[in-house]
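Encoded as structure tokens, the structure appears first; notes follow it.
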Amino acid sequence: MDNTSTWSVAKVKVEYFDPAGVFPLISDQLDSRLPLHNLNWKSPKRPLRSIESLHVELFKSWELVGDSSRPSSRQTHLPTPTIAPVKERRHQIPGLRQTPYLKLYLLRCDDTELYKAIHRKAVREWLKSHIPASQSSSKKSTAQENHDAFEWMILHVVMPDANSASEKDRLDSKKGTSSMLEKLKADFNVSSKSAPDRIAQLCLSPKGRDINQDQREEWDDAIAKTKALILASFNLRVTQYEDDIRERESQRALPGWNFCTFFVLKEGLARGFESVGLVDDALAGYEELGVELDTILANHEDEEPTVSFLSTTGDLNTLYERAKDGDLKSDSKFWGPDNPAISSTKKNFRELILANNISVFDFKCYVLARKMAVLLRMSRANLQGPENLSPLAQLCQLAAWSIPNIARIVRDDLTQIAKSSPHDQSSPIIENIVASWTYSAVQQVLDETRTAFLAQSTPTEPHFSSLLKEKQSVYPKRKSSVAPGHEKPVDDAQLLFESLKKRAGGVPDQSSTNRTGKDYLATQRAQLLLLQRRLIEAMALRQGQSIGWVNAQGGEDPSTLKEVDLTEEEQSEEDEEPSETVSEEEKATLSIGICHPDLYNAVISKKALRAIYEALTKEALDLYYISSQGKSFERMLADLAMVRFQAGDYAGAANYFSKIIPIFSQLKWTLIEIRMLMIHAECLKMLNRKDDYARMLLGLLDKAVASKTSPGMKLQSATYVDIESFQIRGQSILHELSATATQLPYEITVPFLTYFHNMVIDPHIKHYTDKEGFQLRLKFRSVLEETIKINSAKVVLTTSSDSGPSQIVLESNEPVEVGKGTTTIVLGTHISTLGSYTVNRVSISSNKIVFTRDLAEEDRASFPGVKSKAPQVLVYPRNDAFSVHMQLPPTIHIERTRDLELELDVGPEHIDKAELRLKAASSGLRIHTSKVEVTSGTATINKDSQGGIGLSNLEQSSKVKLKIPYELDDHHRDINVKVELSSTKPKLDYSSVQTVTIELPLDVNVHDLFKPKHIFQRFHIKTANDIPLRILGMKLHETDRFAVQEPAADIFPATIFAKQPATFMYEVRPKKSDGDLQVRQIANKEAPLILEVEYQCLDDLSIAKILTKFGSDLEQSPYNSLERLLTKFLTQKLRSIVLPANHTESALFEEISVPHFVAIGWANLLNDLPAPLAGELATWLKQWHEDNEILPLLLHKLGSSGEVANHQPSRKIIISVPLPRLQVLHVTNLKLPNSISETIPVGFPITAAVSIVHSRQWESPMLSQGLSETEIEFMYDVDAPPDTWLIGGQRRGRFVAKEDEATQWEIVLIPLRTGKILLPSIDVRVVGKNSEDVSCETDCKAQGRIVMVIGDLKRTNVAMVGTEAHLVRAES
Amino acid sequence: MASRLPGIACISVIGKQNNPLLISLFPQEQRDPLEFSFLLSSCLDIFETRAPFKTADQDFGLLQAVDERLAMYGWQTNTRVKFVIVVDMAARVSRDTKANVAAGIRDADLKPAFRAIQAAYINLLRNPFYTPDEPVAPGSEQKVPSAQITSPAFVKEIRRIAEVWVPGIAAI
């Protein structure tokens, strides 16, 4: 029980009177049954209270029977310091005194007779002397008596040796003892039913023998009675107190009511509860008292003060005087374990209270101390088991809440003291004393609650500091905080975080209740540590030192953000002197009144200050870690990071920062985030991590801009931070960024839009006046406050169409100072092309920082269907800009290698040297650039050029035509060729994709008819694409062997329509040489006939007509500069919207109906032009269309000059027409007899002569020689439709013929129907083995001859009905 | 010598996700916003710890005594939006030379202020143009809504509450 006394557990006193000295005999058994367990106290006004264990203190009454004058004395040591002095002064206000609750009479009496004789009287005497008459009789007891109410009990102790001889005797003795018990009960118990049983008996067993069942029951009975009696007396006391309190309370309004007496009374009740272990009720009592005290204090200034307190406290006064006189040792503890800052025993507070002689400070301290004592007791209610942590936590919380309040009272107190003392008011003495008291008080609480907690936590929870891989920095360490040598901790913030995360999500390793208690306690202890830390911070601040984040008052003005002078810091670390900043004198002044070593050290040494601060922070960190208080934990880490930074450990600080910042950032604690970023940035700068530094600065700028631009941000002035105005080492962020960026080895790309808003690209290009290319204007608004220097700007345009270069880069390399507000940058390119382009990317760079906006990416990222944000730029060349046009040459020789004609329209500048590159953009197309020729204009081709065509000396404003041969493997209607021309002087980059339709618009077929003397060649010409053609002329050139006879009629120009092909026939006759027909040459030597066809396509014609008219009109208009653009547009539109049928129509009517304004779709083009211009142009265009609805298409016959040719040169196609080889020609004939008139009747048999002449004259004799030897077998066939002719005789047969052999025979022909009918044809073909080698044709002379067959009628009757004739009867 | 009286140093509205919606300091130029940001951020732990033991009551009372002067009081609405008031025990100078410093302020003293803030906040939510601190759509990159309260009316009302409040006031 000894150890419990140190824990100051209040106990219930039980006094025993032991005249026979039996107590030692029962004390062992009794002790084993103490403390009393499970007492249930039921008071009528309160719910049932269960006292789990009640500590009982037994003490002997030395009183002799009958000697009532002797006071009761106690055992030597008093269990609690709260026990009143031995002889209490009877005061009118009864406080609670440590009077016994139960008085025991230990009776030893084995003999009934003896009892009757002596003991009964002795007991009666004892009762008379101790028990007030009121209690024994049921008279109303006085209040005073009730305050000390107690019960009594007689414990009859039966000795083991009494009648222990035999079993029988035992029984007798039992009987005897039981009769003793009966007697006692009869004598002393009140015979009322409700009265308690005050008699108990204990039979002792002999030494060394265990107690038996009966004895155990006896013991249980005795204990139960004890419990009941203690409760009864307790109840009596409580009731009395409550009555008193009620009474006092009701008098509150009366004058003269004294709070102090009320307080003492009420406290008596609380102490009573405490003594029986009802600590909750005790605490509640003190809570009420605390509140009432506060209420009294609040109403202190009322007219009728219910209490008067001392305005100053003596202790504080003394302290103040000592400090003032320099008598106080600043580096030692004034308040310590011997002189606790918060104590209820230091003075006799209750006496002082009753005497109305107490200061507010003392009073508050007393109440707090008492509460703390109760809570401490609660935590140790279970003496054997582990400490209950919740009350400890409650204690800490109570302290954390109360100490600052009391500190204010201390200050008030001291101010009062100072007022009466002539002393410098500005001296920090008051501040220092207040801080010291607070620090010490908190320290006291921490010390009182520590042991248990640490014992609990360390085995299972590794301290966080150990995770920090640093020496444990608990209190002892901190006391010698000026550590020798600078320790460089290896912090691993990553490890910290992972560990915390694991903890937070992990399964609780202990029972939840204890866990909660521990978390609670850890949190509250951390709170206390923070209170201490705050004092250190304030201390530092008063000296102008910065520690942690508390180094700036008012974040609005960045100039007050005091820079940490690191150079000085480093010095001070080097030479280990505490601090140079504070001189000895200052130190003395600053430290006056300080009476705690920690605070003193913090004042005299910057290093110690930091060490203490860091130790406190770390300990709090540990505690927050244990209790999983994430937010506070983060804050501690942030503080730690800052301390690291201030200590010059930039790497460590940066490591922390990189971990903590995202947490605050994510939850939008903008201010914290930004301030940390600033420090982080500075760390990176000091660590020379340029890349990270630059990115960090960018991030800061980013935030600066974001906070500035978010709507309404400025309203919230507390959260709004003008980040841009922050400085790092005296330099603005932007300046630092620029300086850092130049040192980077590579470029950093950052989003353009973050820093520059309202980006606009003027979509209307501006041509240079003197050179190729164009300009665009990039406009944007900088949201940065400072001016940033832009070295270059770039805009990339792209197009999806393949008509020009796929990408145009516009650049500006002029450095520009971009200040706040709108800036316009003009970017230019020398590229000249035509097409609609999209702004793909915009970038401007300042040193190595490139601000980029990728509009294409933005479009891709946006939802489909959303209108693209990328501006469209219509790019078109100047009127006189360099241009290239590729087409087919006007004359095409079918048999020869085809060429492409490239027409270079040289711009206003003379091109010295250029390189032309042609790239085939169609499959199977090969362009033979090495065989390029200049066909017109002046230019020199440099053959040595690599991969391209080197051109030089292109005259300005001239046209140069080049001819380039090509080959095409695949079949295409159009071929595409990418043409690129680049020149350095003048700077020129031309690029376009040319599309050339290589399909000829006409088809020419030739058909040969061999005659014995000549050949007829028939040419069928038709359109290939349904567009009417105009054949301007046609010529079949004769060769040295063959003469050509042209058609006699003058038929040109002739128009060929889609479904009306034309046929032109020429007669070809071998030329005679020396009067003989020349034999034919061998096939490959014989020159073919050459056919030339000169033609025009109607589409070309009519489009050219429109364009000519349009062009000439445009030239007169103010829109001439747009000529290229408009013409190109119009051409494209005309090509696509005018159909072959329209051309047919034009050809027929010889006039062109120009498509309407709307049909052309000018609006599309106009949209891309600047608004005022577009409007005017639209008006002009509309007018033009109105004026030129119909244009004449002059298709008159060609004169000698050819009017049409003025508009569109004719095209020519040259086709070589080799004459076919023919080996055998049969001339057949079917000759009717001369007697046969023109008309023959049906069914009239005619005898006709069939003749076949075999000729080999068309083949050269040399070749025929071989053949003439060979006999070739032929078959002839007289053929006629079977319903027309009935052929009799040899109508089919084989024959073998030689050169110029002729044969003749007769057949009979019978016509089978009337009308004009053709004679049967006679066809000869080769049969047999040579049939495939020998070419053979038949020239049937009878072909096409007609005979008139009439009906063989004698008479015909015809009836006329009106105008119709009806055959009535015919007779043959 | 004039003594000093308690006054409101800071009123803050903190969103469901523990993101600050409003931090108003009084008088603004005398307070370090960073210090208050840290204090507010770390006091959220206390809300979290105490919330499970709270029933219908929204008043969290004294959260933390920061030091001799500052004490933080909390209130949490049903939608878990938190209001924090930081009281400065020596915010105002009293002409009454013998005003009492010994008596602290009680939790109940802050109730009228909290009620007024809540009323103002409800008013703010009734404004269709205010996007409240709503949960962010799932799958969104942004985990925390950035709905800072910028309504001038609300800010003004908060300032009024801070200026009007004195311990013991019945209603604001």
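Lettering of chains follows the sequences in order, A, B, ..., and the numbering in each one begins at 1.
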Which region of [X], side chain (C-beta onward) or backbone (N, CA, C, O), has a non-hydrogen atom less than 4.5 Å from a non-hydrogen atom of chain B, or is it both or neither?
X      : answer
A:V410 : neither
A:A407 : both
A:F361 : neither
A:A538 : neither

Checking B:V66, B:L63, B:I46 against A:Q527 for side chain to side chain contact (heavy atoms under 4.5 Å, CB included), the one that qualifies is B:I46
State whether B:E35 and A:R534 are salt-bridged, where the test is any N-O pair (Lys NZ or Arg NE/NH1/NH2 against Asp/Glu carboxylate O) under 4.0 Å.
-> yes
Chain A contact via [X] - which portion, at a heavy-atom distance below 4.5 Å:
X      : value
B:I158 : neither
B:L40  : both
B:S41  : both

About how many Å separate [atom2] of [Y] and [atom1] of [X], when rounded to the nearest 0.5 Å?
X      : Y      : atom1 : atom2 : value
A:S627 : B:D45  : OG    : CG    : 7.5 Å
B:D67  : A:I403 : CG    : CD1   : 13.0 Å
A:M676 : B:F38  : CE    : CZ    : 5.0 Å
B:L44  : A:E634 : CG    : CD    : 10.0 Å
B:S42  : A:M636 : OG    : CE    : 6.5 Å
B:S37  : A:R635 : OG    : CZ    : 11.0 Å

Residues B:E68 and A:T438: side-chain donor-acceptor under 3.5 angstrom |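 Distance-only check fails for B:E68 and A:T438.
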At their closest point, which heavy atom of B:L34 faces which heavy atom of A:I672, and how far apart are they?
-> CD1-CA, 3.8 Å
Please name the pair of heavy atoms, one in A:P404 and one in B:A65, separated by the smallest distance, quoted to 0.1 Å.
->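 Shortest heavy-atom separation between A:P404 and B:A65 comes out as CG-CB, 3.8 Å.
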Under 3.5 Å: donor-acceptor pair, side chain of A:W669, backbone of B:N18 | yes
